[in-house]
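Data first, discussion second: the structure below is written as structure tokens.
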2 protein chains.
Amino acid sequence: MRRLSLYLRSLEELERAGVATVSSQELASRGGTTAAQVRKDLSHFGSFGKRGLGYGVPHLAGELRRILGLSRSWRVALVGAGRMGAALFEYPNFRDRGFRIVTVLDQDPEKVGKEWGGIVIRDVEGLESVLREVRAEIAILTVPGEVVQEVVDRVVDAGIRAILNFAPVRLRVPPGVVVNDVNMALELEALSFALARGARGR
Amino acid sequence: MRRLSLYLRSLEELERAGVATVSSQELASRGGTTAAQVRKDLSHFGSFGKRGLGYGVPHLAGELRRILGLSRSWRVALVGAGRMGAALFEYPNFRDRGFRIVTVLDQDPEKVGKEWGGIVIRDVEGLESVLREVRAEIAILTVPGEVVQEVVDRVVDAGIRAILNFAPVRLRVPPGVVVNDVNMALELEALSFALARGARGR
DNA sequence: TACTTTTTGTGAACGTTTTCACAATCCCCT
DNA sequence: AGGGGATTGTGAAAACGTTCACAAAAAGTA
Ligand SMILES: NC(=O)c1ccc[n+]([C@@H]2O[C@H](COP(=O)([O-])OP(=O)(O)OC[C@H]3O[C@@H](n4cnc5c(N)ncnc54)[C@H](O)[C@@H]3O)[C@@H](O)[C@H]2O)c1
Ligand SMILES: NC(=O)c1ccc[n+]([C@@H]2O[C@H](COP(=O)([O-])OP(=O)(O)OC[C@H]3O[C@@H](n4cnc5c(N)ncnc54)[C@H](O)[C@@H]3O)[C@@H](O)[C@H]2O)c1
């Protein structure tokens with residue numbers, strides 16, 4: 001359920017603003033959906049509200065964090081210290097939400113050994129042992145599309161079961177491993193489609 | 001239809017490999033879907049295949065490019081010359097697919113006037129006139145979440161009708177303007193959810 | 001306590017998307 | 001030229017997701 005994250009984001013805003021309770025109506029308008037949708041989504045995981053009153057903001061936020069697995073922090077390995085990898089590494093928002101990059105790996109001898117904010121870039125050569133050593137649980141892959149499948153096979157071998165992939169390539173993984181893709185080209189093409197459609201009929 | 005882009009990507013691979021025709025079955029397995037799905041998707045826009053034979057690879061690729069609006073090139077404005085903006089600017093894949101970044105804008109006086117690969121970073125102060133001057137059609141926004149709504153209002157004023165937003169903020173736009181979000185934190189949270197779910201029941 | 005107001009939780013209705021199944025069509029081979 | 005094998009295009013069925021509508025519950029009011 002992708003919308004739970006959005007609700008959590010709204011709840012955190014409300015928490016900071018010191019609001020005590022919120023109705024499904026209010027959550028819906030902030031999340032860009034409907035009140036019935038919010039209630040259905042939440043009721044799927046339990047009964048968190050009080051009839052006539054709404055949902056307790058800190059309580060619901062806590063429940064959502066628990067459901068989403070965000071009440072703990074996750075150990076993340078970043079493979080590919082290129083431009084995209086650097087942007088992600090320096091982005092503070094991930095760490096704030098419980099995703100800690102604990103190691104960075106690359107193939108380029110120019111980059112291996114360099115230090116990024118206290119973390120030394122390791123050689124991808126020793127990927128399996130490094131990932132086990134740092135007990136990484138999630139891998140973010142910002143390597144070129146030509147090599148990403150090979151890297152995937154190795155991180156899966158190293159025991160990783162969750163992967164965030166930036167290469168525009170469909171990955172093959174064994175059952176039990178979750179892959180999410182971030183495909184910006186696809187989003188741009190969706191815009192192109194909408195503009196082209198708008199310019200023609202409808 | 002988001003899947004059309006995926007089919008096109010497969011078709012381009014097949015084109016490079018010199019394959020002449022492809023069946024819905026083959027396209028489906030490459031795109032991670034089913035043969036019936038591929039045929040339904042395509043039949044919605046016309047009848048592009050030959051029964052008993054499959055689809056002509058170059059022909060179908062051409063049709064998909066036309067449908068997706070990729071047979072022309074689009075003029076893109078990049079607002080926010082930070083880390084993410086820099087990674088996107090240097091990424092050759094977008095230009096190859098017909099998205100040409102024609103101007104870059106930022107607020108920081110340190111950055112304004114600098115040159116990035118032949119393009120001078122302009123001051124966001126003059127956003128409306130710059131966007132009209134370069135005839136931008138799509139805006140990519142890589143500015144901080146605190147200011148993104150203000151920037152959106154201005155690019156819409158400047159005539160932009162398609163926006164790719166990287167800030168983790170829900171944008172409000174008038175009807176007729178399309179917004180796509182790239183929300184990496186959300187993708188990470190989906191991984192966290194899957195891992196937490198896997199560790200508990202099911 | 002009884003009545004009113006508010007808002008949840010949820011079965012049922014509705015709409016959309018996916019899958020199924022098969023006749024129609026095309027190429028190829030003899 | 002005609003039959004065989006392959007694969008599309010597409011209605012119909014099934015699955016899935018969203019919206020509706022309302023009884024049940026909570027809290028305030030008198
Ligand atoms: N830059 C962008 O804006 C952008 C946008 C969308 C998608 N992507 C995708 O993200 C990925 C990375 O893009 P980028 O722009 O950062 O590229 P980049 O060339 O700047 O970085 C790639 C890095 O991966 C390293 N690398 C290569 N092979 C490796 C291997 N086998 N193991 C470990 N590291 C290896 C390289 O040394 C380099 O540091 C690509 O797949 C690209 O398609 C990038
Ligand atoms: N870096 C990442 O990996 C990452 C990941 C996900 C989302 N994002 C989002 O992308 C956006 C940019 O992130 P970043 O890491 O590049 O930040 P950044 O601070 O490196 O860059 C932001 C840039 O925007 C400019 N800017 C500020 N206000 C502006 C304005 N009003 N008009 C024009 N330019 C302005 C700044 O001068 C700066 O150059 C943020 O919204 C962030 O949440 C970034």
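Note that these values count all heavy atoms, side chains included, but never hydrogens, waters or copies made by symmetry. Chain naming here is simple, since letters A, B, ... match the order of the sequence lines and numbering starts at 1 in each.
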Among pairs that include at least one residue of [range], which meet salt bridge (charged side-chain N to carboxylate O under 4.0 Å, His left out), considering only residues two or more places apart or in two chains?
| range | value |
| --- | --- |
| residues 161-185 of chain A | none |
| residues 83-99 of chain A | A/Glu12-A/Arg97, A/Arg83-B/Glu90, A/Glu90-B/Arg83, A/Arg97-B/Glu189 |
| residues 36-54 of chain A | A/Arg3-A/Asp41 |

*If you look only at pairs with a residue in residues 150-159 of chain A, which of them pass as a side-chain hydrogen bond (donor to acceptor under 3.5 Å, both in side chains), with sequence neighbours excluded?*
A/Glu128-A/Arg154, A/Gln149-A/Asp153
_I need the full list of side-chain hydrogen bond (donor to acceptor under 3.5 Å, both in side chains) pairs touching residues 114-123 of chain B, with sequence neighbours left out, sorted by first then second residue._
B/Arg122-B/Glu133
*Judged by atom type as modelled, is there a donor-acceptor pair below 3.5 Å linking the side chain of A/Asp106 to the main-chain atoms of A/Ala81?*
yes
Take atom [atom1] of [X] and atom [atom2] of [N], then tell me their distance rounded to the nearest Å.
| X | N | atom1 | atom2 | answer |
| --- | --- | --- | --- | --- |
| A/Leu42 | D/dT18 | CG | P | 14 Å |
| A/Leu60 | C/dT8 | CG | P | 11 Å |
| A/Phe45 | C/dT8 | CZ | P | 18 Å |
| B/Phe48 | D/dT8 | CZ | P | 14 Å |

Atom pairs under 3.5 Å: protein N/O with N/O of nucleotides 24-26 of chain D:
unit_1 : atom_1 : unit_2  : atom_2 : d
D/dA24 : N3     : A/Arg51 : NH1    : 2.9
D/dA26 : O4'    : A/Arg51 : O      : 3.3

*Which residues within residues 6-28 of chain A lie with some heavy atom under 4.0 Å of an atom in DNA chain C?*
A/Ser23, A/Ser24
*Compare side-chain N and O positions of A/Tyr55 against OP1 and OP2 of C/dT6 and report whether any pair is under 4.0 Å apart.*
no
_Partners passing salt bridge (charged side-chain N to carboxylate O under 4.0 Å, His left out) against B/Arg2 (at least two apart in sequence or in another chain)_ = A/Glu187
*Check whether more than 12 heavy atoms from other residues, nucleotides or ligands sit under 6.0 Å from atom CZ of B/Arg72, and answer yes or no.*
yes
*Partner residues of A/Val148 under the side-chain contact (heavy atoms from CB on, under 4.5 Å) criterion, sequence neighbours left out*: A/Leu141, A/Val143, A/Val152, A/Asn165, A/Ala167, A/Val169, A/Leu171
_Holding to ring-ring contact (aromatic ring centres under 6.0 Å, His included), I want the full list of residues that pass it with B/Tyr91, two or more places apart in sequence or in another chain._
B/Phe94
_Contact pattern, 5' to 3', of nucleotides 12-21 of chain C - B, S or - by protein heavy atom under 4.0 Å_ = B-----SBBB
*What pairs of residues pass the ring pair (Phe, Tyr, Trp, His ring centres under 6.0 Å) test when at least one of them lies in residues 125-182 of chain B, not counting sequence neighbours?*
none
